[in-house]
Each structure stands twice: as structure tokens, then as C-alpha cells.
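The structure appears below as C-alpha cells.
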Number of protein chains: 2
Amino acid sequence: MVQSARPLSKKEIRQENERLILDAAEKVFAEAGFGGATVQLIADLAGLPKANLHYYFPTKEALYRQVVQNIFQDWLKAADTFDAAPGPVEGIGAYIDAKMEISRRHPAGSKVWASEVMHRAPVIQDYLETTLVEWTEDRMRVIQRWIDDGKMDPIDPRHLLYMLWATTQHYADFGHQIETLNGGKPLSEDQWEAAKASVKSIILKGIGAREA
Amino acid sequence: MVQSARPLSKKEIRQENERLILDAAEKVFAEAGFGGATVQLIADLAGLPKANLHYYFPTKEALYRQVVQNIFQDWLKAADTFDAAPGPVEGIGAYIDAKMEISRRHPAGSKVWASEVMHRAPVIQDYLETTLVEWTEDRMRVIQRWIDDGKMDPIDPRHLLYMLWATTQHYADFGHQIETLNGGKPLSEDQWEAAKASVKSIILKGIGAREA
DNA sequence: CCCAATCCTGACCGTATGGTCAAGATGAGA
DNA sequence: TCTCATCTTGACCATACGGTCAGGATTGGG
């Protein structure tokens, strides 16, 4: 517990507190939903008085918006793997790995995202209509190219993407159900590896992905 | 608007009103989450005064519990198809059809279920631990038998079930996102058929399902 | 060292919400 | 027809919640 006693600068204080608040907010929004979450609960979890939280984020909505936007960024970043790949085995395989890892490391974020979309995306509808549409069309083109090059079966790229999203995010969003079906215990390291392997195996075989 | 003017009997009144309330509640809980839903909103949608709603369901929690339990029943019923089937092509194929149909016809119910599980199943945890566990083990045994009989590849039945749940429910839970990516329009009849076909094709091929 | 800017917080406020109640209306059975 | 059980509802209440504010503490720059 020995720690440098140097007082934090204003900049550092701001950064640190915003991080504390955003982390706490993500957890609380994930567990209770936007409507069920209370500012008091978020403040308690962040270890700050409620009024201090309102100093950094004027309203509950503004805080929620920031949380969702951050999650959306991660969501998109996971696709970097997709682009450089020579074919579906590497590209989709790496994408599944990346998204499964997000589900494992940031389940709260995944739940907040799911909740936002389920409730008709009240705060990020504009992102869906612009960024997500572009992103999706780009990846659909990549998949179509693989199909044209004979690297996989002629699957509708759109439904393949939906299946990838659904399957990988399921391990976060429905993690509680999976845990219950696992005897109440979280998945072990080995079980996570088995999950990833199963998903990759079924999908890659299912789309007839051929090694480069 | 001409209608039989026969006054409803007490029994009919009760049935009718409970149905109105449950239908309205499912929609509102799906759109706003438990915390975001208000009793007033449910009452308005059902066309009843709030106090009347409380006459039939004493608390918001009791109403929510009933909604979730009803959904759970449908969820289980969809599996009837599974059991009689001679092999994975028929069994899993029919299960996918059934669950996709639920996603299409009762998206609100699917969302309420997803929300409940995401929030650690505060009201149906006991069902998860008993009924769902049994249900899952039964189906895993069926799948294992198909594997042993050489009717499909040696896939981990557990992860196959998760993939089936994830993929089919995704079309309800993330329906708004899918709609946005479809130019803001709901999926047409043909598009639903294409979705079903894609899902079935990828999964059945992915698990190496062989015709009987 | 001083003053301005930033940060912190207990106390407070208006509102919305879940739930109650008492009194009346309506249908069922004798 | 009379009586009882069930159904209906406007008015009401206590509470919890999001958000405000005034004033104090702390840091930074000149």
C-alpha cells in the first residue's frame, strides 16, 4: 500500500475520475439496464459523491452516451483482424477469436451494447445508420471477394456476419445462463478455449472455408 | 364496429383483462426494460386505469414474473420438434425453424427473456437451475446419440446448443440493428426465408449432419 | 504569495413512480 | 328482487430519483 504521495495534477484528477466513473457506469448499466441504474449506485461504485459525478457528467444520459460510444469503438476495432487476412480461415477465425476475447474480458460492455440495441438504439441510432452500415458493407465486400475467389461457399455475407455477432456476443450477454448450465461456475480457461474452437470449427466448416 | 352487446361474465372479464395486461406488459418491458417500464405506461397500452391493473397484479414485480414465466414456457415448447426427429437434419433443422419463427412472431418476448438473463435472472434463476438444466441435458443426450450413431461430427453438444440459441434469438433481440442494416425496413417474407436457409445451411454443414 | 480556475460536496428540491384506499358499479346466485 | 362477491377508479401518499447550488478546498500560473 506504500504509494507515491505526490498530489495529482488537475489533468490527472480529471482523467482518473472520468475513468472511475465510466468503469462503474458500464458495470451498473450492464447489471440494471439504463432505467434500473441509479446515479447514486454508480457514484458509490466509483467511490465518489453523487454531486461530484454530476460535475463530470451533467446528466445520466450524457454518461450513458459516453459509455455506449466507447463500447462501439471497441466493437469496431475487433475487425482489424478481418481486413489483412488472405482468406476466411484466417480472417474469420481471427475475428471470432477477437470477439470471443471481448466477450470474456468485457462482458459488461457487451451487455450494455445489447441493451442499447434491444431498446431501439435511442442514443446511437445515428452511428448505426452511418458507421455501422459502412463497416458492414466493407466486410460484406471482403467476404464476397473470398467467395468469388473460390475460398468459401457462396453464403449470403450478411447472414454470416449476423451469425458471427450472435454467437460470439452470446457468451457475454447470456454468460449468466451459460454459467448456470456450467454448475454455477464461470467457464475455465480450457472451457473458453473449447468454446472458441467449437465456434470456429462449426462456422468455418459450415461456410466451406478452404485453406489458402 | 357492430358487436354482440352481451355483457362479459366475470370469468371472461378476468381472462380478457389479464391477457390485455400481460400483452401490454410484454411490449413495454421489452422496449424499456424492467427498470424503465412504468406501470402507468403498461396500463395506458392495455387501456385500463392503473389502479385496475394493480387489482389483477398486485405489484410490478408480480406482473413481470408472470410475463417471464409465460415466455419461458414458449421457449421450452419450441423443442418438441427436437425429440421425435430421427437425426440432426430433421431435428436441428426443425428447431431452427421453430426458434426463428418465435423470433419473428414474438420479438418482444425474446427481448424480455434476454434482458432477464442479462441481468442475472433475478426472477427465474430457480427455473434456470432446475427446468433449463434438465432440458439442456436431455437435448445434449439426443445430440450425443446422433454423434454416436455417426449421423454428425463429434461436436460438443453444449456449444452447439448455445450457437443455436444465439443465432436464432439474435434475429429478435437485435432486430432493430438488422432492420437498420436493411435500409430501415423490416425483413420481408423472402428475407426471413433466406435468413432461415442461411442459418440452417451453415450449421447443418458445419456439424457434418448426414441425411438419415 | 496571490488570485483565478478547477475541483469537491452536503443539503436541498421538484417530479415521477409504485402502490393504497374507499367508495361506487356491475354481475352472479338464491 | 335482494345480497354478496367481484370489478372499477379517481384521488391520494410516501419514497426514490435526477439534478441543483452555494460555498469551501485545492491546484496552477504569474
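Chain letters run A, B, ... following the sequence lines, proteins first, then strands; residues in each count from 1.
Within residues 54-66 of chain B, the residues having any heavy atom under 4.0 Å from DNA chain C are, by residue number, B:H54, B:T59, B:K60, B:E61.
Partners of B:E189 according to the salt bridge (Lys or Arg N to Asp or Glu O under 4.0 Å) rule, which considers only residues two or more places apart in sequence or in another chain, are B:R104.
A salt bridge between A:D23 and A:K27 is absent, with no side-chain N of the basic residue lying under 4.0 Å from a carboxylate O of the acidic one. By the 4.0 Å N-to-carboxylate-O rule, A:R14 lies close enough to A:E18 to be salt-bridged with it. Using a cutoff of 4.0 Å between basic side-chain nitrogens and carboxylate oxygens, A:K111 and A:E31 are not scored as salt-bridged.
Atom CG in B:L53 sits roughly 15 Å away from atom P in C:dT17 (whole-Å rounding). Atoms CZ (B:F34) and P (C:dG18) sit 8 Å apart, rounded to a whole Å. Between A:I13 atom CD1 and D:dA25 atom P there is a gap of 16 Å when expressed in whole angstrom units. For the pair A:I21 CD1 and C:dT9 C1', the interatomic distance rounds to 13 Å; values are reported in whole Å. One can place CG of B:L20 at 14 Å from P of D:dC7, the figure rounded to the nearest angstrom. As rounded to whole Å, 13 Å separates atom C1' of D:dG28 from atom CD of A:E12. One can place CD of A:E18 at 14 Å from P of C:dT6, the figure rounded to the nearest angstrom. Atom CZ in B:F29 sits roughly 12 Å away from atom C1' in C:dG18 (whole-Å rounding).
In this structure, B:A37 reaches the sugar-phosphate backbone alone: every heavy-atom distance under 4.0 Å involves primed, P, OP1 or OP2 atoms, never a base.
For the pair B:T38 and A:L48, both in contact range of DNA chain C, the more 5′-proximal nearest nucleotide belongs to A:L48. Between B:G35 and A:N52, it is A:N52 whose nearest contact on DNA chain C lies nearer the 5' terminus.
The distance between the ring centers of B:F72 and B:W113 falls below 6.0 angstrom.
For residues 49-59 of chain A, the set of pairs meeting the side chain to side chain donor-acceptor pair (under 3.5 Å) definition, not counting sequence neighbours, comprises A:N17-A:Y56.
Contact annotation: B:R14 does not reach the phosphate of D:dT6 (side-chain N/O to OP1 or OP2, under 4.0 Å).
To the nearest 0.5 Å, atom OH of residue B:Y171 and atom OG of residue B:S110 are 13.5 Å apart.
Residue B:N17 places its side chain closer to D:dT8 than to any other of D:dG28, C:dG18, D:dT8.
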